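Remarks on the structure that follows.
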Amino acid sequence: MPEKLENLVRAALTAAQEAGELPAFEVGDLGFERPADSANGDWSSTVALRSAKLAHCAPRKVAEAIVSHLHADASVSRVEVAGPGFINFYLSAASNNDVFRMVREAGMAYGRSHVGAGQKVQVEFISANPVGPMHIGHGRWAALGDSLCNVMEHAGYDVEREYYINDHGSQMDVFGRSVAMRYLQIFDLVGTGMSIDEAYAALMADRRAFVEDEEDTLPHTHPLTNQFLEALGENSYGGDYIIDLALHFAREDGDRLVSLGEEERVAELRERGYLLMLDSIRSTCHEARCDFDVWFSERSLYVPDADGLDAVHRAFKKLRQMGHLYSTPDGALWFRSTTFGDDKDRVLVKSNGEYTYFASDVAYHWDKFQRVEHVIDIWGADHHGYIKRVDSACEALGYPGGLEVLLGQLVNLLRNGEAVRMSKRTGEMVTFEELIDEVGPDATKYLMLSRSSDQAIDFDIEVAKKRDATNPVYYVQYAHARICSILRKAANVEDASADIDALVAQVVPADADLSLLVHPSELALMRKMDDFGDLVAGAARDRAPFRLTHYAQELASLFHSFYTNCHVLGVEEDLSAARLALADAARINLAQALGLLGVSAPTSM
């Protein structure tokens with residue numbers, strides 16, 4: 001509708017100028033927007049206020065001249081000049097309510113736009129190390145990344161979802177040694193006459209004692225964990241899952257690995273343990289309805305091609321040719337990141353020959369730009385200081401402005417308003433999988449998206465489990481389920497599994513007279529749904545999918561209000577048909593909003 005109104009106003013402005021009522025001038029943006037108060041019209045233009053200086057007269061006079069030359073249009077019931085020069089348009093009921101028809105015709109494609117113009121964008125998110133289970137912070141990145149991709153696709157971007165597997169580097173060896181040590185401890189205990197399961201139970205009990213002995217005043221109660229830490233120090237992974245992995249290999253291989261040399265044993269357990277952890281991560285992501293197009297292995301960056309060069313060294317070669325690398329007398333290799341505004345140069349290869357994480361990131365981001373036009377990385381807030389060096393590398397490689405980094409703040413886990421206590425000695429946090437198992441993927445994702453990613457979130461487990469209006473996701477899903485119940489009732493169908501679209505085809509006539517929808521509750525729903533396309537486009541442009549949670553709650557609230565104020569069934573037949581069409585449009589739009597958030601839209605609750 002704004003486009004049609006703009007055409008009317010431009011034609012009227014031209015007519016006023018040709019009649020000599022206004023001088024010749026051109027105006028760009030006509031300033032159309034929704035008035036906050038519907039009493040001021042359905043749409044308002046500030047063109048007169050914007051062009052008063054060009055017209056050399058008061059803005060109200062400009063507005064009156066434009067309005068006097070407006071052509072009559074069936075979609076506009078009246079036009080008023082208000083205040084200093086606002087032009088307020090009041091649309092006809094039929095024109096206003098046409099949005100319900102558009103939603104129902106477009107279905108899940110309603111509100112699609114071409115804001116992204118088909119730009120190929122890669123969004124990389126989560127990318128947790130495959131040496132342990134995903135924690136709740138990863139859960140927030142999963143919710144954010146998945147919903148951002150959905151929103152951007154709806155706005156016309158060509159999106160690729162990518163998970164970067166950090167499977168190269170010292171953390172992998174630390175992981176392998178940790179599993180190997182626990183494996184050996186199991187068979188040390190088996191040597192004393194225990195079964196494998198009894199040895200596992202003894203290790204877990206010992207670890208529990210260690211966790212409870214926070215002041216370390218009872219070391220005799222946890223000798224096995226003390227032995228583990230004395231052997232590996234802080235350079236180890238101590239969570240329960242390490243003992244679980246050791247048990248898995250003990251059951252699968254018996255004591256076969258005990259007789260191997262240490263390096264061979266560590267290498268085998270590292271690789272097999274890594275694959276199990278990666279399978280677990282994939283499974284958790286899938287359970288959270290967060291699937292990826294690409295799983296990119298860091299190790300692949302170090303695989304030589306036919307010319308004997310791997311991706312890391314190809315990147316080094318390119319940067320060296322451009323004069324962006326230099327070596328120091330101790331043998332270290334450095335990137336001149338200060339050339340691009342970084343506060344200091346960054347090391348790629350240490351003097352001992354060890355490659356830094358940054359070396360992999362340089363090659364990895366170069367690889368990304370071979371595949372896409374724009375890159376979005378979602379990182380934790382603790383990586384803020386890392387942004388400039390990676391951005392500098394991208395600029396040096398020829399992609400200035402191509403990298404965009406979104407930083408996400410932490411998740412504070414609560415239960416009934418009280419912080420969930422995490423011992424510093426446990427070596428682990430509440431996992432994303434455990435959270436999903438307790439509250440479900442819908443509540444988890446919705447609440448993780450309830451605030452902007454640059455704000456910390458308080459996630460209360462008990463609130464997420466409630467089945468009442470205090471739980472935002474339940475409130476929205478209930479609105480969708482309520483509409484489905486209304487449609488089933490209209491069709492005299494009790495089966496909750498009945499196909500809703502098929503029922504709609506039976507009970508909502510295609511030619512329902514939408515002009516009958518004039519109640520304020522009905523008009524409020526119209527205005528809200530009419531904003532959906534702009535909302536999604538803005539959320540995509542600003543990388544702000546959290547706005548969809550606010551939209552969904554507002555739409556659900558408006559529908560509940562409508563249902564209270566306007567009887568859908570048991571009224572005059574034509575009015576009932578129109579209200580059923582409205583309800584169906586609200587159902588579709590609620591399902592859209594939830595779907596873009598990665599949340600389901602149940603048909604019964």
Side-chain angles (χ1 to χ4, degrees), residues 125-128 132-151 239 241 280-281 283-290 378-384 406-424 426-478 539 543-554 556 593-602 605:
F125 57 105
I126 305 178
S127 298
M134 295 168 61
H135 56 64
I136 57 172
H138 295 134
R140 188 175 190 185
W141 315 150
L144 173 60
D146 180 58
S147 61
L148 177 61
C149 291
N150 293 338
V151 166
Y241 72 94
S280 174
I281 289 171
S283 175
T284 300
C285 288
H286 183 69
E287 187 178 355
R289 305 191 198 105
C290 180
I378 299 178
W379 299 347
D382 56 336
H383 285 70
H384 180 272
L406 304 182
L407 293 178
Q409 294 295 329
L410 300 177
V411 178
N412 301 313
L413 196 62
L414 310 174
R415 192 179 290 276
N416 284 325
E418 298 292 328
V420 175
R421 184 172 176 271
M422 300 179 191
S423 169
K424 289 186 258 184
T426 61
E428 59 192 27
M429 303 172 71
V430 174
T431 69
F432 184 35
E433 182 179 17
E434 289 169 339
L435 190 62
I436 291 174
D437 288 343
E438 183 165 1
V439 307
D442 285 341
T444 299
K445 294 182 77 174
Y446 191 98
L447 294 177
M448 289 288 189
L449 290 164
S450 61
R451 303 185 71 176
S452 172
S453 60
D454 60 5
Q455 297 178 333
I457 281 183
D458 291 336
F459 189 108
D460 195 307
I461 293 172
E462 296 306 319
V463 169
K465 288 158 53 176
K466 286 183 177 179
R467 296 177 63 81
D468 59 35
T470 63
N471 180 352
V473 66
Y474 180 86
Y475 182 73
V476 176
Q477 289 180 317
Y478 179 74
R543 320 305 193 220
F546 76 94
R547 295 175 188 168
L548 269 295
T549 62
H550 300 171
Y551 178 88
Q553 285 165 247
E554 291 165 4
L594 289 169
L596 291 175
L597 292 167
V599 176
S600 70
M605 293 179 75

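Computed from a prediction, not measured in an experiment: that's the story for all the values here.
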**Request:** First locate atom CG of Leu447, then atom CG of Asp460, and finally report the distance between them rounded to the nearest 0.5 Å.
**Result:** 9.5 Å
**Asked** Can you check whether Thr284 reaches His138 side chain to side chain, under 4.5 Å on heavy atoms?
**Response** no
**Prompt:** Parallel under 30°, tilted from 30 to 60°, perpendicular over 60°: which one fits the rings of His550 and Phe546?
**Reply:** perpendicular
**Message:** Measuring only between side-chain heavy atoms, which start at C-beta, is Thr470 closer than 4.5 Å to Tyr475?
**Reply:** no
**Prompt:** For the atom pair CG (Leu413) and CD1 (Ile136), what is the distance rounded to the nearest 0.5 Å?
**Reply:** 4.5 Å
**Prompt:** Do Leu414 and Ile461 come close enough that some side-chain heavy atom pair is under 4.5 Å?
**Reply:** no
**Leu148 side chain reached by Leu406 side chain, heavy atoms, under 4.5 Å** = yes
**Complete:** Residue set satisfying salt bridge (Lys or Arg N to Asp or Glu O under 4.0 Å) with Glu554, at least two apart, ordered chain then number -> Lys528
**Prompt:** Given Asp382 and Leu410, is the side-chain contact (heavy atoms from CB on, under 4.5 Å) satisfied, shown in steps?
**Reply:** CA-CA 9 Å; Asp382 56 336; Leu410 300 177; over 6 Å; no
**Request:** Show your working on side-chain contact (heavy atoms from CB on, under 4.5 Å) between Leu144 and Met448 and close with a plain yes or no.
**Result:** CA-CA 8 Å; Leu144 173 60; Met448 289 288 189; over 6 Å; no
**Message:** Rounded at 0.5 Å granularity, tell me how far OG in Ser280 sits from CE in Met134.
**Reply:** 9.0 Å
**Prompt:** In Å, rounded to the nearest 0.5 Å, how long is the span from CD1 of Ile281 to CD of Glu433?
**Reply:** 11.0 Å
**Message:** Looking at Asp442 and Val599, would you say the former's side chain and the latter's main chain have a donor-acceptor pair under 3.5 Å?
**Reply:** no
**Prompt:** Are Phe432 and Cys285 close enough, and set up right, to give a side-chain contact (heavy atoms from CB on, under 4.5 Å), and what steps lead you there?
**Reply:** CA-CA 9 Å; Phe432 184 35; Cys285 288; over 6 Å; no
**Asked** Mind checking whether Lys466 and Tyr474 have side chains closer than 4.5 Å, heavy atoms only?
**Response** no
**Message:** Could you report the tightest heavy-atom contact between Ala288 and Pro441, atom names first, then the distance?
**Reply:** CA-CB, 4.3 Å
**Prompt:** Which residue pairs satisfy the side chain to side chain donor-acceptor pair (under 3.5 Å) criterion with at least one member in residues 140-149, sequence neighbours excluded?
**Reply:** Asp146-Lys445
**Item:** Backbone of Asp458 reached by a side-chain donor or acceptor of Asn412 within 3.5 Å
**Value:** no
**Asked** For Ser283, what residues pass the side chain to side chain contact (heavy atoms under 4.5 Å, CB included) criterion, not counting sequence neighbours?
**Response** none
**Rounded distance [0.5 Å steps], CZ in Phe459 versus CZ in Arg451** = 14.0 Å
**Request:** Please tell me if the side chains of Gln477 and Met605 come closer than 4.5 Å, counting only heavy atoms from C-beta onward.
**Result:** yes
**Message:** Is there a side-chain contact between Leu548 and Val151 in this structure, where contact means two heavy atoms from C-beta onward sitting under 4.5 Å apart?
**Reply:** yes
**Asked** Do you know the tightest heavy-atom contact between Ile126 and Ala142?
**Response** CD1-CB, 3.5 Å
**Message:** Measuring from atom CD of Gln409 to atom CG of Leu407, what distance do you get when rounded to the nearest 0.5 angstrom?
**Reply:** 7.5 Å
**Item:** Side-chain heavy-atom pair Thr549, Tyr446 within 4.5 angstrom cut-off
**Value:** yes
**Request:** Taking only Lys NZ, Arg NE, NH1 and NH2, and the carboxylate oxygens of Asp or Glu, determine whether Glu462 and Lys465 approach each other closer than 4.0 Å.
**Result:** yes
**Request:** Verify side-chain contact (heavy atoms from CB on, under 4.5 Å) between Thr431 and Tyr241, making sure each step is shown before the conclusion.
**Result:** CA-CA 11 Å; Thr431 69; Tyr241 72 94; over 6 Å; no
**Message:** Between Ser452 and Gln455 (side chain of the first, backbone of the second, donor and acceptor by atom type, cut-off under 3.5 Å), is there such a pair?
**Reply:** no
